[in-house]
2 protein chains.
Amino acid sequence: MFPVLYAVFMSAALQPFPKSQQPPAQPELLQLGPAEDEPCLRADAARNRARLLEAAARLVAEHGAAGVTMEAVAAAAEVGKGTVFRRFGDRTGLLTALLDHSEKKFQAAFLGGPPPLGPGAPPVERLRAFGRELLRRSVDEMDLQLAAEPSPERRFSVPVRRLHHNHVALLLRQAVPDADSEFLAHTLMGSLNPVLIHHLTGPCGLPMERLEKAWCDLVARVTRTG
Amino acid sequence: MFPVLYAVFMSAALQPFPKSQQPPAQPELLQLGPAEDEPCLRADAARNRARLLEAAARLVAEHGAAGVTMEAVAAAAEVGKGTVFRRFGDRTGLLTALLDHSEKKFQAAFLGGPPPLGPGAPPVERLRAFGRELLRRSVDEMDLQLAAEPSPERRFSVPVRRLHHNHVALLLRQAVPDADSEFLAHTLMGSLNPVLIHHLTGPCGLPMERLEKAWCDLVARVTRTG
DNA sequence: AACAAAACTGGACCCTGGTCCGCTTAGGAT
DNA sequence: ATCCTAAGCGGACCAGGGTCCAGTTTTGTT
């Protein structure tokens, strides 16, 4: 029942960003034990990290994600501004860390959980489930997801996104071996982007069911099924 | 031969941003005479606008779009910083204005030019042509396109994008009347996003032909043709 | 020509993300 | 217990986007 596969960047996705650190290679999927959240942080550093996350969470709850400024977080955690940046790299990193728990659960579910999200179901069905779940999460954690949207340059290189992308590409390759799964995966992931979902459910007022239906239809068309 | 249809926001897309200005309604397409670039600008304002655009263009040529700072532009145009913002709203607005000429030509082409891009060809063929052209433009004007990428909040509300979106949605409605063209249009537009194209052609190193092929294949799948 | 209203100007100012670097401290080695 | 060193710290500092408003210029009116 516990996930047996952890995908590439699984751990990197949840670590701080020592800027120049690059994963040595890009294997498609890696088998890993459950990665340590905090591999070898000094005691004080670990404590500060926790305080920062707690402070950030409190601020989000109080003022919404948009009002979470790095200085405010530092102040609330009674820590220097530099510490925040060293630990989380940048604002996006901090916000991402707040979404970490939910993300991990999601990853466990689609990598090793029960079908249809996890392995065992046919790929098309897994794709449908994957989208449904991502939609649900986008709505649930909307403001954080929006605030955590990476800058354009990083939009496609953020580890979490790459992992999702690789997963979708893998399923596509199984479902439609003759297609350009790389490109199609980007297309599919694009329609699940939190910013788009927010635009559609917010300003455009589309109801959730319509999105789910549209997603399933999209999957059907792209895979030429249904 | 000259475009007879100008789409909604055609003029708004090319105007400065008096922040609170909203187009009164959202008709799908509007018939308009060629909109004045500068409807009723005071003489000095018009002159400053021209100087700013010229200065910005020069800076882009010299230092690349990334290095174009608002203050630098103001200085180069020998104008106050405030003037830049009043005229163009924000950085994105300024950069967008630089792309204006090319954009107008493109709009004229797909709204009223010769087939397959313009009216006359079957919708699926027009979609293929539309994507090809957008891809070409993305590559040609890459750095400007990237620098002009709007902030997430505006990504889907920027007039130019809405226009493109509406066009694609219209074609989709013709090609697949039973589908959710609104959503599918977002999907298609997402795969033509300059940021994605840059990611694919740059870091990922995909050749242009592959993208064109993938685009055509995507259109075929989405419209269940081919 | 004189005047008033509207439009425009520009630079001082604020905010926030992000960097830097000299100082401090944890914690392993001796 | 002491020392040494790498890791960590934090606040001063910077840059760049965006706002504001007191003063200036344009332009239409009488």
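Chain identifiers are assigned alphabetically (A, B, ...) following the order of the sequence lines, protein sequences preceding nucleic acid strands; residue numbering begins at 1 within each chain.
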Quiz item: Which residue lies toward the 5' end of DNA chain D, B/Arg42 or A/Gly82, if each is placed at its nearest nucleotide?
Solution: A/Gly82
Quiz item: B/Phe88 CZ to C/dC8 P: how many Å, rounded?
Solution: 13 Å
Practice problem: Mind checking A/Thr69 for me? I need base, sugar-phosphate or nothing, with any heavy atom below 4.0 Å counting as a touch. | Solution: sugar-phosphate
Quiz item: Counting side-chain heavy atoms from C-beta on, which of C/dC8, D/dG8, C/dG17 comes nearest to B/Arg86?
Solution: C/dC8
Practice problem: Considering just the side-chain nitrogens and oxygens of A/Asn48, establish if one lies under 4.0 Å of OP1 or OP2 belonging to D/dG8. | Solution: no
Practice problem: Please state how far atom CG in A/Asp90 lies from atom P in C/dT16, giving the value in whole angstrom units. | Solution: 17 Å
Quiz item: What's the CG-P distance between B/Leu94 and D/dG17, to the nearest Å?
Solution: 10 Å
Self-check item: Among D/dC13, C/dG11, D/dT27, the one nearest B/Lys81 by side-chain distance
Solution: C/dG11
Quiz item: How many Å lie between CZ on B/Arg47 and C1' on D/dT26, as a whole number?
Solution: 11 Å
Self-check item: Taking every non-hydrogen atom, the tightest pair across B/Pro194 and B/Met142
Solution: O-SD, 4.2 Å
Quiz item: Mapping B/Asp44 and B/Met70 to their closest nucleotides on DNA chain D, which lands nearer the 5' end?
Solution: B/Met70
Self-check item: Touch class at under 4.0 angstrom, heavy-atom based, for B/Arg91 against every strand present
Solution: sugar-phosphate
Quiz item: Atom CZ of B/Phe85 to atom P of C/dC8: distance rounded to whole Å?
Solution: 18 Å
Quiz item: Does a nitrogen or oxygen in the side chain of B/Arg87 sit under 4.0 Å from OP1 or OP2 of C/dT9?
Solution: yes
Quiz item: Starting at CZ of B/Arg49 and ending at P of C/dA7, how long is that distance when rounded to a whole Å?
Solution: 18 Å
Quiz item: Which heavy-atom pair separates A/Val73 from A/Ala55 by the least distance, and what is that distance?
Solution: O-CB, 4.0 Å
Exercise. Decide whether B/Arg137 and B/Ser102 meet the rule of one side-chain donor and one side-chain acceptor closer than 3.5 Å.
Key: yes
Quiz prompt | For atom CG of A/Leu41 and atom P of D/dA7, their distance in whole Å | solution = 11 Å
Exercise. In whole angstrom, give the distance that lies between atom CZ of B/Arg51 and atom P of C/dT9.
Key: 10 Å
Quiz prompt | Reported NE2-to-OG distance for the pair B/His165 and B/Ser181, which is rounded to 0.5 angstrom | solution = 9.0 Å
Practice problem: Answer yes if the ring centres of A/Phe106 and A/His164 are under 6.0 angstrom apart, and no otherwise. | Solution: yes
